[in-house]
Protein chains: 2
Amino acid sequence: MEESEEASSRGDGEASSRSARTPRERYRLQVRAEVKEHAREQIAAAGASALSLNAIARQMGMSGPALYRYFSSRDELITELVRDAYRSLADTFVRTAGQEPDPTALAHALREWALQDPHRYFLVYGTPVPGYRAPDDVTVIATEIMAVLLDAWTARPVPGTGTALDAHLQEHRRWAGGHPAPAAVLRRALAFWTRLHGVLSLELAGHFNGMGLDPALLYASEVDEILGRGSTGPDRTSEG
Amino acid sequence: MEESEEASSRGDGEASSRSARTPRERYRLQVRAEVKEHAREQIAAAGASALSLNAIARQMGMSGPALYRYFSSRDELITELVRDAYRSLADTFVRTAGQEPDPTALAHALREWALQDPHRYFLVYGTPVPGYRAPDDVTVIATEIMAVLLDAWTARPVPGTGTALDAHLQEHRRWAGGHPAPAAVLRRALAFWTRLHGVLSLELAGHFNGMGLDPALLYASEVDEILGRGSTGPDRTSEG
DNA sequence: AGGCTGCGTGATAGCGTCTAACTAAATCTT
DNA sequence: AAGATTTAGTTAGACGCTATCACGCAGCCT
């Protein structure tokens with residue numbers, strides 16, 4: 001929760017570089033923050049599609065159109081929340097990597113972050129809106145997130161190279177943002193990302209609910225297997 | 001596209017067991033189908049949240065409330081589309097498994113199915129609506145899908161058993177719906193599902209777009225690795 | 001032919017986004 | 001301090017949406 005605060009107070013997408021100079025500006029930022037606070041609650045309660053500026057205004061004791069002084073549209077508010085979510089995830093990763101620069105630690109930090117507020121996760125990785133194009137600074141944060149992953153995997157011993165993917169990744173390493181990691185590391189980090197997202201998003205979407213499975217165990221097992229720590233090796237032996 | 005038709009015409013959730021007896025009923029089913037057709041187009045164009053009964057009515061040349069004769073609410077229409085999506089995926093799997101009972105074939109059938117209509121995929125595996133509870137017949141279809149996966153993996157040689165997961169899966173195999181597969185097979189099928197969903201959903205959500213990566217290659221590599229056919233073995237050698 | 005059933009209509013309530021014109025207060029300028 | 005300007009908030013209203021209701025009307029069945 002405090003982390004969410006931190007991220008939102010950091011997101012002063014307005015004129016002031018830090019904090020606020022004039023009282024007006026300070027007030028403005030505070031109202032914006034309060035609006036986002038209510039917005040987060042609404043999203044947590046009923047999903048992003050149910051977010052209503054009118055309802056927020058009511059909760060804050062003012063009348064509908066007043067909020068348009070602070071957010072030019074409902075979409076802008078949502079975009080801001082998406083930005084904050086990205087920012088919060090990136091911060092979590094950076095902080096975790098600072099304490100324990102290990103893929104395992106990142107993996108569990110990711111799940112904890114996601115469970116703290118599942119809808120925040122879906123704000124980042126959920127069903128996209130067809131027309132929507134993420135603003136540039138968001139993609140910058142995404143690259144930052146990738147960088148943490150690459151660092152974490154760089155620290156680990158890399159297996160032999162030569163996958164078909166590796167060649168492709170070597171040619172298209174723009175997304176790595178100038179990170180010097182070898183292709184094999186890119187591949188590992190990428191797989192780390194996609195595989196954790198696979199388990200985690202299915203858990204958050206409730207697809208394991210009816211199955212009686214323990215999501216934490218599932219996730220931990222997946223992490224172990226990604227790290228090569230699975231108690232059962234892959235079945236290349238039984239392969240033709 | 002034809003497949004979609006097939007699925008929708010199959011979904012006669014009404015009174016008639018097959019086709020339609022009376023002319024009235026036939027008319028009713030046809031209108032329902034036409035409504036769903038327009039709904040699918042709208043969802044493909046602007047996502048499920050933008051679906052509007054009013055707009056559909058306009059497109060069909062009738063006035064808003066008329067549609068409530070056919071669907072009691074917007075939610076019911078969406079639920080119906082979700083059901084159709086599940087049905088369509090299950091049919092695709094069953095058909096594919098009938099022709100080529102191999103996980104690889106299923107994997108690529110899944111991606112093709114998803115690419116045919118990405119929003120249909122998200123109808124099944126996308127961001128959930130907080131209050132929403134899937135109807136029972138949908139979970140039945142989900143079990144059917146799982147059964148196809150289990151069959152496909154049963155046909156393959158299984159690696160040694162003994163993962164921590166295996167014990168858990170052995171105790172909670174209710175979701176397997178009475179399928180006799182050993183725990184190791186359950187584990188493989190589950191990983192198959194979560195890992196493919198990981199790559200595929202990120203592709204469909206456009207998260208690879210800004211990266212310049214080739215999603216098809218990524219997916220194929222993941223499939224290869226799941227099957228143990230990766231040109232690079234996992235790095236248990238380099239593991240401490 | 002007559003009665004029932006079900007289809008489609010317009011009217012209406014209620015909620016949502018968002019614009020526009022206006023008031024009032026705070027801030028800036030001189 | 002007084003006036004000019006900027007900004008916050010208001011109400012009114014246009015417009016779209018879901019959903020209900022009462023009504024007319026056609027098709028269907030006996």
Side-chain angles (χ1 to χ4, degrees), chain A residues 12-16 19-36 38-39 41-43 45-82 129-132, chain B residues 12-16 19-36 38-39 41-43 45-82 129-132:
Chain A
D12 53 350
E14 219 88 86
S16 78
S19 282
R21 261 164 271 305
T22 105
R24 271 240 161 103
E25 206 166 344
R26 187 156 42 192
Y27 178 72
R28 185 181 177 74
L29 291 181
Q30 206 226 293
V31 173
R32 267 181 80 99
E34 193 176 343
V35 170
K36 293 205 279 187
H38 287 280
E41 283 167 22
Q42 267 191 30
I43 287 183
S49 63
L51 189 148
S52 153
L53 287 188
N54 254 342
I56 292 173
R58 235 177 294 132
Q59 284 176 349
M60 291 179 62
M62 45 177 161
S63 251
L67 291 197
Y68 285 81
R69 295 276 171 198
Y70 302 94
F71 296 92
S72 68
S73 72
R74 183 175 174 275
D75 261 20
E76 198 209 294
L77 174 56
I78 292 183
T79 298
E80 187 78 16
L81 295 173
V82 169
V129 178
Y132 186 73
Chain B
D12 53 350
E14 218 86 85
S16 79
S19 280
R21 262 165 272 303
T22 107
R24 272 241 161 103
E25 205 165 344
R26 185 151 48 188
Y27 178 74
R28 183 181 178 76
L29 290 181
Q30 206 224 295
V31 174
R32 267 181 82 98
E34 192 175 344
V35 170
K36 292 204 281 186
H38 287 280
E41 284 167 21
Q42 267 191 31
I43 286 183
S49 62
L51 189 147
S52 153
L53 287 188
N54 255 342
I56 293 174
R58 236 178 295 131
Q59 285 175 350
M60 292 179 63
M62 46 175 156
S63 251
L67 290 198
Y68 286 81
R69 295 277 173 200
Y70 302 95
F71 296 92
S72 68
S73 73
R74 183 176 174 276
D75 262 20
E76 198 209 294
L77 173 55
I78 292 182
T79 299
E80 186 78 16
L81 295 172
V82 169
V129 178
Y132 186 73

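As a basis for the values below, the full set of heavy atoms in this structure was taken, side chains included, without hydrogen atoms, waters or symmetry mates. Labels below follow one simple rule: chain letters A, B, ... track the order of the sequence lines, proteins then strands, and each chain is numbered from 1.
- Contacts between residues 55-67 of chain B and DNA chain C, defined by a heavy-atom separation under 4.0 Å, are made by B/Met62, B/Ser63, B/Pro65, B/Ala66.
- In this structure, A/Ser52 reaches the C/dT17 phosphate: one of its side-chain N or O atoms is under 4.0 Å from OP1 or OP2.
- Between A/Phe71 atom CZ and A/Lys36 atom NZ the span is 6.0 Å, to the nearest 0.5 Å.
- The CG atom of A/Leu67 sits 8.5 Å away from the CG atom of A/Leu77 when rounded to the nearest 0.5 Å.
- Rounding to the nearest 0.5 Å gives a distance of 3.5 Å between CE of A/Met60 and CD of A/Glu34.
- In terms of position on DNA chain D, the residue among B/Asp75 and B/Pro23 whose nearest nucleotide sits closer to the 5' end is B/Asp75.
- Residue A/Arg32 contributes atom CZ, which lies 15 Å from atom P of D/dT7 at whole-angstrom precision.
- The distance from the CG atom of A/Leu81 to the CD atom of A/Glu76 is 10.5 Å, given to the nearest 0.5 Å.
- Heavy-atom distances to DNA chain D give each of A/Arg24 and B/Ser73 a nearest nucleotide, and the one nearer the 5′ end belongs to A/Arg24.
- Whole-Å rounding puts the A/Leu53 CG to C/dC15 C1' distance at 13 Å.
- B/Arg28 has its CZ atom 10 Å from the P atom of C/dG8, to the nearest Å.
- Whole-Å rounding puts the A/Glu25 CD to C/dA26 C1' distance at 15 Å.
- Rounded to an integer number of Å, the gap from CZ of A/Arg26 to C1' of C/dA26 is 15 Å.
- Atoms CZ (B/Arg21) and C1' (D/dC29) sit 16 Å apart, rounded to a whole Å.
- Note: CG (A/Leu29) to P (D/dT7) measures 14 Å, nearest angstrom.
- B/Leu51 comes within 4.0 angstrom of the backbone, heavy atoms only, and of no base.
- For the OP1/OP2 pair of D/dT7 and a distance below 4.0 Å, the side-chain nitrogens and oxygens of A/Tyr70 include no atom meeting the criterion.
- Each of A/Ile56, A/Leu51, A/Asn54 was scored for a side-chain contact (heavy atoms from CB on, under 4.5 Å) with A/Arg74, with one residue passing: A/Leu51.
- Here the straight-line distance linking atom CZ of B/Arg26 with atom CZ of B/Arg21 works out to 11.5 Å at 0.5 Å rounding.
- The side chain of B/Arg74 lies closest to D/dT18 when the candidates are C/dC18, D/dA8, D/dT18.
- The shortest distance between the side-chain N/O atoms of A/Tyr68 and the OP1/OP2 oxygens of D/dT7 is not below 4.0 Å.
- If you check distances only, the side chain of A/Arg69 does reach the base of D/dG9 with a donor-acceptor pair under 3.5 Å.
- From A/Gln42, atom CD reaches atom CG of A/Leu53 across 8.5 Å, with rounding to the nearest 0.5 Å.
- A/Phe71 places its CZ atom 16 Å from the C1' atom of C/dT17, with the value rounded to the nearest Å.
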